[in-house]
Amino acid sequence: MTTSVPSSHASISHADPFGLDVLKDPLPFQSDLRAAGAVVYLDRYEVFAMGRYTEVHAALTDWQTFQSAAGVGLSNFRHETPWRPPSLLLEADPPHHDAPRAVLTKVLGPRALAKLRTSWLLDAEILVDEVLASGTEFDAVARLAAAFPLRVFPDAVGIPESGRKNLLPYGDHVFNAFGPVNSLVVKGAPRVGELSCWVNAQCSREVLSDDGFGAQIWAAADRGDITYEQAPLMVRSLLSAGVDTTVNGLAAVLYAFATHPLQWARLHANPIPLARTAFDEAVRWESPVQTFFRTATRDIEVGGTLIPDGRKILLFLGSANRDPRRWENPDEFDINRNPSGHVGFGMGIHQCVGQHVARLESEALLTALARRVKSIELAGPAHRHLNNTLRSWEEIPVKVHLR
Ligand code: OVV
């Protein structure tokens with residue numbers, strides 16, 4: 001797979017991490033990547049890549065050297081116009097990043113979520129009741145992993161009912177667009193205008209309810225914590241990053257349990273506190289967000305390889321989360337391990353600001369399921385949905401046995 005570049009001492013890989021075959025099963029590629037070195041040059045895209053935990057973690061933490069402001073996708077905002085106005089959070093660095101980040105940290109923080117907790121636990125019970133009342137064989141993606149976030153999150157943001165079916169396709173495109181313009185991006189392109197138009201319309205103050213996350217973002221503008229120009233773009237961040245991620249995080253944990261009966265037995269016996277660890281272990285194991293790019297702000301040497309100023313670096317969160325240098329039996333889904341330190345939510349100043357929302361959704365759904373379901377197994381082959389950034393599912397047929 002690799003040869004060496006004498007000038008920068010980087011191994012070269014001709015592989016395509018965004019090829020459909022690799023996206024379908026990225027583990028062999030990631031294992032080759034880690035074996036090839038701390039830093040590997042992907043000549044097909046003329047970018048550097050890191051797949052080992054230590055270096056991925058270090059790069060995520062060093063935002064001064066590995067900037068986000070030039071874009072966290074393959075496209076470099078210094079040379080190419082982004083497909084939409086950049087995110088004020090994801091695609092910004094300090095000092096610009098600070099105020100939007102502080103506002104969302106508060107809006108999505110543990111205190112704010114404590115207010116939603118009771119109703120989300122109840123919503124999960126109701127959803128699980130509905131699903132189980134209709135039978136014990138069903139698609140865990142459509143009926144649970146997608147249904148639950150779509151039931152609670154748009155209401156929490158405060159957007160109207162109409163058009164919510166646009167949320168998943170919009171997010172699918174956002175996450176495809178971090179990669180190269182391959183067949184996945186081309187397939188999504190015809191709807192981008194229409195979907196963006198709908199999403200942007202949901203960000204204005206007039207359409208948002210007066211008590212949701214969206215309203216709280218606008219209230220932060222009233223206080224002068226952010227500007228009125230920033231508010232709608234921050235609502236857009238919630239709608240971009242808050243749906244497909246949690247849907248695939250929940251799909252990941254449901255697939256993990258459907259294929260690991262002993263782990264479900266443990267959860268079933270002890271849902272609190274295991275439901276919360278189980279979700280983080282699933283985020284480590286599956287890494288719903290597989291990759292993000294950074295851009296070098298100076299010449300930097302990593303593991304004997306020179307990364308020149310201005311070059312893109314592809315960080316493999318999913319590979320770092322399966323690095324045997326960091327994790328014992330990394331390919332095992334084990335809810336008794338301590339998954340903390342995983343980089344599935346990123347690390348450092350850009351670490352997922354919505355992670356408490358994701359964890360609460362998962363805790364609600366898993367505890368509701370664990371209360372009624374004694375065992376869960378696959379009822380047929382599960383099918384992936386391919387995305388340039390997300391490790392995603394199309395369908396996970398399951399059969400459950402009630403207690
Ligand atoms: C983490 C993330 C993913 C996608 C979009 C955004 C953030 C955003 O801020 O728009």
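These figures come from a predicted structure and were not determined experimentally. One-based numbering along the sequence shown. Remember, it's 1-based here, ligands and their atoms both numbered in the order they're listed.
Distances below 4.0 Å separate heavy atoms of Ser87 from the following atoms of ligand 1: 8 (C), 9 (O), 10 (O). Taking every heavy atom of Phe175 and a limit of under 4.0 angstrom, the matching atoms of ligand 1 come to 3 (C), 4 (C). Residue-ligand proximity, Ser240 to ligand 1, at heavy-atom distances under 4.0 Å covers atoms 5 (C), 10 (O).
Contact check on Arg372 versus Glu125 returns a salt bridge, with a Lys/Arg side-chain nitrogen under 4.0 Å from an Asp/Glu carboxylate oxygen. Between Arg191 and Glu194 there is a salt bridge, with a side-chain nitrogen of the basic residue lying less than 4.0 Å from a carboxylate oxygen of the acidic one. Using a 4.0 Å cut-off between a side-chain N of Lys or Arg and a carboxylate O of Asp or Glu, Glu281 and Arg337 qualify as a salt bridge.
Side chains of Gln290 and Gln30: a donor-acceptor N/O pair is present below 3.5 angstrom, by distance only.
None of Val373, Asp123, Leu365 except one satisfies the side chain to side chain contact (heavy atoms under 4.5 Å, CB included) rule with Val128; the exception is Leu365.
Atom 4 (C) of ligand 1 has its nearest heavy-atom neighbour, among Val174, Leu239, Leu88, in Val174.
Note: an N/O pair closer than 3.5 Å links Arg84 and ligand 1 by distance alone.
A cation-pi geometry, defined here as NZ or CZ lying under 6.0 Å from the six-membered ring centre and within 45° of its normal, holds between Arg326 and Tyr53.
The protein heavy-atom contact nearest to atom 1 (C) of ligand 1 is Leu90 CD1, 3.6 Å. For atom 2 (C) of ligand 1, the nearest protein heavy atom (residue, atom name, distance) is Ala241 CB, 3.4 Å.
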